[in-house]
Amino acid sequence: MTLKIYNSLTRKKEDFKPVEKGKIKMYVCGMTVYSDAHIGHARTYFAFDIIRRYFEYKGFKVTYVQNITDVDDKIIAAANREGVDPLEYSKKFTTKCLDDLDHLGIRRADLYPKASETIDDMIKLTEEIIKKGYGYESDGDVYFSVEKFTEYGKLSGQKLDDLMSGVRIDPEDKKHNPFDFALWKSSKPGEPSWASPWGRGRPGWHIECSAMSSKFLGLPFDIHGGGMDLRFPHHENEIAQAEAATGKEFARYWIHIGLLTINGEKMSKSIGNIVNVKDLLSRWEPEVVRFFFAQAHYRSPPDFSEKALENSKKGLDRIYRIKEKLEECIAKKEKSSEDANKEFDEAISEFKSSFESAMDDDFNTPQAVSSIFDFVNTGNRFFEKVKNPNSNICKKAHDTFIKLGNILTLFQDEKKDYGKIHDDILKQLRKFASSYTTDVEGKTIEDVIDLLLEAREEARNKKDWNTADSIRNNLDRLGFEIQDTAEGPVWRKKMI
RNA sequence: GGGCGGAUAACAAAGGGGCUAUGUGGCGGACUGCAGAUCCGCAUACGAGGGUUCAAAUCCCUCUCCGCCCUCCA
C-alpha cells in the first residue's frame, strides 16, 4: 500500500514519494519558549510524533528537526518584566517545555536548533535575499518584498491583490507593502542583539525557520509542518524567503495540525482557558491524553473536555483488558489446536492490514483506533468461546498489539504502574484495610489487596454482603477493579 | 471583505454512490449473591431544499449555520 498524505500546498491527498529513497527529512515549527507547554503544543507535537513513528514503521530513516524560538518579542517582554536576561529566560523555558512534552510521552525530535544559535545563517540568508532583489533595507530594518516573489500566496491559496483589499496603509510604515515582513529588525536598548551588515539587531521570526530547515535538512526536504495557525503568514513567508534566496524548491509536503478547542472554545489567553501540560498530567495519565489525541484526525480540531478524557480513559481500559488476557494466555503455554485458534490467527492479520491501511490514508488514526476496537471485540469473543487458547497465537496477537500500538505510543506498559499517586493510594488503602484485617503497615499494595480479598471472601462465605460489597466498592474507588470469577476473585488496576 | 475547512445518532468521531464504522452512554437478555468485566440482541444518523442516478449521507447546484486564518498563537 502506498502512503497518501494530504498536502496543504496542493490541497489534495497525494501519494507520498520521498526526495531521497528510504529517507524522510521533516521539519516542524517548534515552540516559542516563554511559558509552560500547553495542551495545544502537546496535540501538535504528538501528531507529528505519530507521523514520524509511522514513517519509521514503514522502514524510512527519519530525520526530524524542530526549532526552538528563543529570540522573540514576547520572550523579551516577559524577561524584562521579571528583570532577567531574555536568553537566560528562554533557556529556562526551553528545558521546562521539553520536559513537559517528555512527561506526556512525546518522543523528542532528533535536533532542536535554537534561533539564538543560528543567527549567522539567518544573516547569510537575508544577504542572499537582498542580493537577489527580494529584500530591502529600510532604516536599520530589512524587509522581504512580497510583490517581487510572484508565487507569494501559493500555500494559503491567497492572491496578493485579494490580501491588499481592505488593508489600511500606514504612511509611517517603513515597509513598501503592508504584507512585507521583517527579515531583520534593528534592536532597541535592553534587547538581545547581534552585529549585522545593517547594524545591531535581531532576526525576524520567519527567517529562522527558512534558515534552520535548509541548514539542517538541505533543500528540498520532505515534510514541513506545524499548527494550522502557522499556515499564513508564517509558512507562506518561509517559502518565499527560502525559494527566493536559493532558487530551489523548499518543502515537498506541508502538513498542518487542526487547532484544539476547549469545551468548544478557542484556547486563548484572553478567554483564560489555556490548559498547561503540567496541570493536565496532575489529573490524567499521559496515555489517556495521548489516546484522546489519537481518536481525532490530525487535521480536525479536537475539542478538549474532562468528559472527552473520561471517555478516552474508559476506552483505553477496555483495550488494556484484552491485552492482559493475552498475557495470561501466553503465560499458560497452552498448545491446543481448536479451530477457533485458527480463526483468531486470521483476525490478527486482518487487524494488521486494516490498521495499516487506515494509517496509509493520511495517517487516519481514528480509523486505526477503530480497527483496534474491532480486534478487541474479536479477541473477547475468542476468549469467550475457546476453552484452551493457544499461547503461540496469543503471543502473535500480543506482539501485533505492541508493534502497532507503538506507532500511536499506546499499550506499551508491561504492567500498569501506580504513578505518582502510589503513596497516597497505599495510604488510603491501608487506612480502610485496617478495619477489616490486621498488620497492614509496611505491606505492599498487592499484599494489602490480597488481605482485603481474603476478608471479603470470608464475608461472602457468611453471606455478609454488606461487608463484601463495601470492600469491593472501596477498592474500586481507589482504582482497583474486583471481579468474582469461577476461579475466585481477581483484581486489576484500572486506568486513572 | 478575502482565503481555508466544517455540519454524521444522546455525546465524541471516521467514512464518502449500493456493504453493521468505532468508542462512551441508553434499553433488553445471558453470567453473578449483587455487581463488574465479557458475550448476545435492540434503538437513535448523515444541516435544509433542489438535481444527476436503477441507487445519494457520499456527486452537482442553491441556501443556512459554525470554526480557523488574514494580529510574531502549535
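Just so we're on the same page: letters track the sequence lines, and every chain starts at 1.
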**Item:** Pair A:H206 and A:F181, ring centroids less than 6.0 Å apart
**Value:** yes
**Message:** If we ignore hydrogens and angles and just use 3.5 Å, is the side chain of A:D49 paired with the main-chain N or O of A:I106 as donor and acceptor?
**Reply:** no
**Base B:rA74 paired with A:R43 side chain (donor-acceptor, <3.5 Å)** = no
**Prompt:** Nearest-Å distance, CD (A:E328) to C1' (B:rU38)?
**Reply:** 13 Å
**Asked** Are any of A:N364's side-chain N or O atoms less than 4.0 Å away from OP1 or OP2 of B:rA14?
**Response** no
**Asked** Crowded around A:D15 CG? As in, over 12 foreign heavy atoms under 6.0 Å?
**Response** yes
**Prompt:** Between A:N377 and B:rU38, does any side-chain N or O lie under 4.0 Å from OP1 or OP2?
**Reply:** no
**Prompt:** Between B:rA74 and A:T32, is there an OP1 or OP2 to side-chain N/O distance shorter than 4.0 Å?
**Reply:** yes
**Asked** Taking the six-membered ring of A:Y6, is NZ or CZ of A:R299 closer than 6.0 Å to its centre and within 45° of its axis?
**Response** yes
**Message:** What I want to check is whether an N or O donor and acceptor connect the side chain of A:D469 with the base of B:rG33 at under 3.5 Å.
**Reply:** yes
What nitrogen or oxygen pairs link the protein and nucleotides 6-8 of chain B at under 3.5 Å?
none

**Prompt:** Atom CD of A:E457 to atom P of B:rA35: distance rounded to whole Å?
**Reply:** 18 Å
**Request:** Find which nucleotide of RNA chain B each of A:V376 and A:D484 is nearest to by heavy atoms, and output the residue with the more 5' nucleotide.
**Result:** A:D484
**Item:** Value rounded to 0.5 Å, distance of CE in A:M31 from CG in A:L98
**Value:** 5.0 Å
**Item:** Residue met sooner reading RNA chain B from 5', once A:K159 and A:R202 are mapped to nucleotides
**Value:** A:K159
**Fill in**
Heavy-atom closest pair (A:W254 atom, A:N7 atom, distance to 0.1 Å) is N-OD1, 2.9 Å
**Prompt:** Which is true for A:F383 with a 4.0 Å heavy-atom rule: it touches a base, it touches only sugar-phosphate, or it touches nothing?
**Reply:** nothing
**Request:** Could you state the atom-to-atom distance from NE2 of A:H38 to P of B:rA74 in whole Å?
**Result:** 5 Å
**Prompt:** What does A:D374 touch in the nucleic acid at a heavy-atom separation under 4.0 angstrom: a base, only the sugar-phosphate, or nothing?
**Reply:** sugar-phosphate
**Message:** Of the options B:rG16, B:rC39, B:rG33, whose atoms approach the side-chain atoms of A:R381 most closely?
**Reply:** B:rC39
**Message:** By the 4.0 Å heavy-atom rule, please label A:F375 as base, sugar-phosphate, or nothing.
**Reply:** nothing
**Message:** Does A:K314 reach a base, just sugar-phosphate, or nothing at all? Heavy atoms under 4.0 Å.
**Reply:** sugar-phosphate
**Asked** Which of these nucleotides, B:rA14, B:rC4, B:rG3, is closest to any side-chain atom of A:R231?
**Response** B:rC4
**Request:** Using whole Å, report how far CG of A:L163 lies from P of B:rG3.
**Result:** 10 Å
**Item:** For atom NZ of A:K313 and atom P of B:rG23, their distance in whole Å
**Value:** 19 Å
**Prompt:** For the side chain of A:N390 and the backbone of A:N341, is there at least one donor-acceptor N/O pair under 3.5 Å apart?
**Reply:** no
**Request:** State which residue, out of A:R321, A:K313, A:K314, fulfils the salt bridge (charged side-chain N to carboxylate O under 4.0 Å, His left out) condition with A:D317.
**Result:** A:R321
**Prompt:** Within the structure, does a side-chain N or O atom of A:R318 lie under 4.0 Å from either OP1 or OP2 of B:rU24?
**Reply:** yes
**Message:** Heavy atoms from C-beta onward define the side chain here; which of B:rG5, B:rC69, B:rG33 lies closest to that of A:D229?
**Reply:** B:rC69
**Prompt:** Under the criteria of a ring-centre distance below 5.5 Å and an interplanar angle below 30°, is A:W465 stacked with the base of B:rG33?
**Reply:** yes
**Asked** To the side chain of A:N380, which of B:rC39, B:rG3, B:rG33 is closest?
**Response** B:rC39
**Request:** Check whether any side-chain N or O of A:H38 sits under 3.5 Å from a backbone N or O of A:H41 as a donor-acceptor pair, and report yes or no.
**Result:** yes
**Prompt:** Which listed nucleotide (B:rU38, B:rG33, B:rG2) is nearest to the side chain of A:Q158?
**Reply:** B:rG2
**Request:** With the side chain of A:R460 defined as its heavy atoms from C-beta on, choose the nearest nucleotide among B:rC69, B:rG2, B:rG33.
**Result:** B:rG33
**Request:** Can you run through RNA chain B from 5' to 3' and write each base as (, ), [, ], | or . depending on how it pairs? Watson-Crick or G-U wobble, both distances under 3.5 Å.
**Result:** (((((((..(((.....[...))).(((((.......)))))....(((((..]....))))))))))))....
**Request:** Might you confirm whether atom NZ of A:K352 has over 12 heavy atoms from other residues, nucleotides or ligands at distances under 6.0 Å?
**Result:** no
**Asked** Cut-off 3.5 Å, side chains only: do A:D361 and A:Q367 have a donor facing an acceptor?
**Response** no
**base_contact_polar (B:rG36 base, A:E481 side chain, donor-acceptor, <3.5 Å)** = no
**Request:** When you get a sec, tell me which of B:rA37, B:rC70, B:rU22 is the closest nucleotide to the side chain of A:F179?
**Result:** B:rC70
**Item:** Between A:F401 and A:Y320, ring centroids under 6.0 Å
**Value:** no
**Asked** From B:rA74, B:rC34, B:rC70, pick the nucleotide closest to the side chain of A:L230?
**Response** B:rA74
**Item:** Side chain A:R472 and base B:rC34 donor-acceptor under 3.5 Å
**Value:** yes
**Request:** Under 4.0 Å between any heavy atoms, over every strand shown, what does A:L260 touch: base, sugar-phosphate, or nothing? Just pick one.
**Result:** base
**Request:** Would you mind reading off the distance between A:L160 atom CG and B:rC70 atom C1', rounded to a whole angstrom?
**Result:** 12 Å
**Prompt:** Should the SG of A:C209 and the SG of A:C29 be checked, would they turn out to be under 2.5 Å apart?
**Reply:** no
Between the protein and nucleotides 9-13 of chain B, which nitrogen or oxygen pairs come in under 3.5 angstrom?
none

**Request:** Answer yes if the side chains of A:N177 and A:E147 hold a donor-acceptor pair under 3.5 Å, and no otherwise.
**Result:** yes
**Message:** How many whole angstroms separate atom CG of A:L259 from atom C1' of B:rC68?
**Reply:** 7 Å
**Asked** Is A:G226 touching bases, backbone alone, or none of the nucleic acid, heavy atoms closer than 4.0 Å?
**Response** sugar-phosphate
**Message:** Using only modelled atom types and a 3.5 angstrom limit, is any donor from either the side chain of A:R477 or the base of B:rG36 paired with an acceptor on the other?
**Reply:** no
**Prompt:** Which listed nucleotide (B:rG36, B:rA74, B:rA35) is nearest to the side chain of A:Q483?
**Reply:** B:rG36
